[in-house]
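Residue numbers count from 1 along this sequence. What you see is a predicted model, and the numbers here were worked out from it, not measured in a lab.
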Amino acid sequence: MKEKKSGWFTIENKIKIIALVFFLLHTFYVSYPDEFVNLLGGWSILQGKTPYKEFFDHHMPGNWYLATILLLFSGKSFVLFRILWAIFQFGFLIFIGAKIKKLSPKLYPFFLGFLLAYPFLSIFFWNHLFLADSLAGLFISGILWLTFASLFEKPKPQTLYLISLLTFLTLFTSLTYVYFAGVIYLLLFYLCFKTNKAKLKKLTIVSIAPYLIYFFYLILSGSFKDFWFSNFTYNTKLYIDIPNYTRGRFFNPFKMALTLIFNFYTGFLPALTRIGSFDLYFPIIQALTLASVLFLYALFKINWRFGVFYFFLLSFSAPRSNIQKLKETDYQSTVFVVFASFALFAFFYLFKKLNIKEQLETLTLKTASVLLVFYSVFSAFFLARNSYEKLFYMYTQKMPRIYDKDYAAEFIDKIVDKGEYFWIGPYEPNRVFFVKKGSLPGKYPTLLPQFRENEYLKKDFLSQFEKNPPKIIIFKRDASIFMTPATEFGKFFLEWLEKNYIQLEKVKKIEILGSPSEFNIRTDLYIRKDQLNSVLDKLEELAYLKIK
């Protein structure tokens, strides 16, 4: 039976179905604590709390607002939430594909190749997780394809407006890519200036409007001060630790930009030299770096101005990653992986547009193109094998998959009643999310090492416990964050606990019989002193201890 040109069995729809299947299959693999901070941010919004003012995290809130929408349908089912997140990613790329098909039909088949590659790269680099890098990378993939489709034909104003909106959403998700977004804005205004000057004013309004709207929201909600502290003061003075960047008295954005460019090429150029190694076991780095270079070469050859823009986009695509050390699970490299994957397919689209007359240049380009095909094919084999292994180990329970169950959360629900407070840390958002009865005492779901370096943070963190003292607090004393022991950076909190709470190891006339698997009940469980007897009775009822 011959395949028809229309209907559900076209090559186009086969690619879409395969992509959707692997988006869904990969979503069940492994969870990461940072995901649950985003879910808690979304859950706090659903409870009517104001971000930053009543919920602290040092990231932009894009993931929180998307989580709010998805949580409306998933509730506290993390499995269902991840399925919805996978569908959102697929749906977004299908939406971008539909735009590309209208803007540039000849480019569309190359976009389909990108769509097919996306879920396989995602599972390898962990950008299938619900993280800021993952969502920013998804938005940037749309930005790159829409911008590229607008380079060689007169761009439609609506397309430029959409790119501008996606650029805002990228920054609304992660300020890490502020320089990347800055270059995109410059490119947008350049395209509008060259092709449709009459629309410059409207593009300016469309670009500025989302920022003004959010600014007025922060003012009206009384959360601007908290927003500024969380995203700027905290990050620039306490959190940011970029190699080769030396903090000064004030944050210098130009020094940071130069540092990011220096760091990128310090890793990128050595990684590029690996194309001569012919290592076919892990050829992804060779394919990504070579694709980036060939794409930039093609753009410079066709229009040097476009080449300059994309040179800087590449330079700012990996602000927190060393390309030379690119490896599996490196979700912080998401934007570079997205950029390089886009470059791979976009280069082959440009290949026919190149007008090369010199024999040596033609030979060099064809040799490099053959190498790119060679590495891409073996990368595809490797990613397919990697995907199969993940699915095999996950479904045979040899590797972690996601669940709607947490034993520490179940323990808390058995001790704490509705309306009572609890807290577990220093960094256990993946436990907090599954608690159904108790409530957090305030805006800080976690305790980070940087808190000890700032008097305001220490006082504000402790104030939530003074205002709403939890019935129980679980503090995992053997935990560490950024290679810093919890007992060290949490010393100020432990000192406060000693005054107001008591550990089971200090309670006389009890025999501890067991402990939940996630923490040590003897040393990590702190009980409010005025609730000691009732909690001991409950623990005896649950067979965790025996009262002598």
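Relative orientation of the Phe111 and Phe114 rings is tilted, given thresholds of 30° and 60° on the angle between their planes. Between Phe433 and Trp43, the ring-plane angle classifies as perpendicular under the 30° and 60° cut-offs. Ring pair Phe392/Tyr388 is parallel by interplanar angle, where below 30° counts as parallel and above 60° as perpendicular. Aromatic ring pairs are classed by plane angle as parallel below 30°, tilted from 30° to 60° and perpendicular above 60°; the pair Phe22 and His26 is tilted. Relative ring orientation between Phe168 and Phe172 is described as parallel, the plane-to-plane angle staying below 30° on a 0-90° scale split at 30° and 60°.
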Report the C-alpha separation of Asn244 and Thr259 in whole Å, then their side-chain angles, then the decisive distance to 0.1 Å, and conclude whether the side chain to side chain donor-acceptor pair (under 3.5 Å) test is met.
CA-CA 7 Å; Asn244 301 309; Thr259 303; over 6 Å; no

Dump the intermediate steps for side chain to side chain donor-acceptor pair (under 3.5 Å) on Gln89 and Tyr118, then the final yes or no.
CA-CA 10 Å; Gln89 293 175 85; Tyr118 199 95; 4.8 Å; no

Given side chain to side chain donor-acceptor pair (under 3.5 Å), test Ser315 with Tyr265 step by step and report yes or no.
CA-CA 7 Å; Ser315 302; Tyr265 288 102; 2.9 Å; yes

Test side-chain contact (heavy atoms from CB on, under 4.5 Å) applied to Asp34 and Tyr331, step by step:
CA-CA 12 Å; Asp34 287 11; Tyr331 64 85; 4.0 Å; yes

side-chain contact (heavy atoms from CB on, under 4.5 Å) between Trp64 and Asn38, intermediate numbers included
CA-CA 5 Å; Trp64 308 350; Asn38 293 322; 3.5 Å; yes

Under the side-chain contact (heavy atoms from CB on, under 4.5 Å) rule, what do Lys16 and Phe90 come out as? Steps first, then yes or no, please.
CA-CA 9 Å; Lys16 291 179 180 178; Phe90 174 76; 4.3 Å; yes

Intermediate values then yes/no, side-chain contact (heavy atoms from CB on, under 4.5 Å), Asn430 and Ser31:
CA-CA 9 Å; Asn430 48 320; Ser31 64; 5.8 Å; no

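If you look at Phe451 and Phe56, their ring centroids are closer than 6.0 Å. Proximity of the aromatic rings of Phe110 and Phe148 is defined here by a centroid distance below 6.0 angstrom, and this criterion is not met.
Side-chain polar atoms of Asn252 and Tyr245 form no donor-acceptor pair below 3.5 angstrom.
Residue-environment remark: NZ (Lys255) exceeds the threshold of 12 foreign heavy atoms within 6.0 Å. More than 12 non-hydrogen atoms from other residues, nucleotides or ligands lie less than 6.0 angstrom from OH of Tyr190. Within 6.0 Å of CZ in Phe73 there are 12 or fewer heavy atoms belonging to other residues, nucleotides or ligands. Atom OH of Tyr211 is surrounded by more than 12 heavy atoms from other residues, nucleotides or ligands within 6.0 Å.
When Ile261, Val178, Thr176 are each tested for a side-chain contact (heavy atoms from CB on, under 4.5 Å) with Phe316, only one passes: Ile261. Each of Leu344, Ile323, Leu326, Leu272 was checked for a side-chain contact (heavy atoms from CB on, under 4.5 Å) with Leu288, and the lone residue meeting it is Leu326.
Listed by first then second residue, pairs satisfying side chain to side chain donor-acceptor pair (under 3.5 Å) with a partner in residues 368-381 number zero, not counting sequence neighbours.
Using modelled atom types, one side-chain atom of Asn235 and one backbone atom of Asn231 make a donor-acceptor pair closer than 3.5 Å. With Ser333 contributing its side chain and Phe336 its backbone, the two residues share no donor-acceptor pair below 3.5 Å. A donor-acceptor pair under 3.5 Å is absent between the side-chain atoms of Arg401 and the main chain of Met394, judged by distance alone.
Asn263 approaches Pro243 most closely through the heavy-atom pair ND2-O, 2.7 Å. Across every non-hydrogen atom of Pro429 and Pro33, the tightest pair is CG-O, 3.3 Å.
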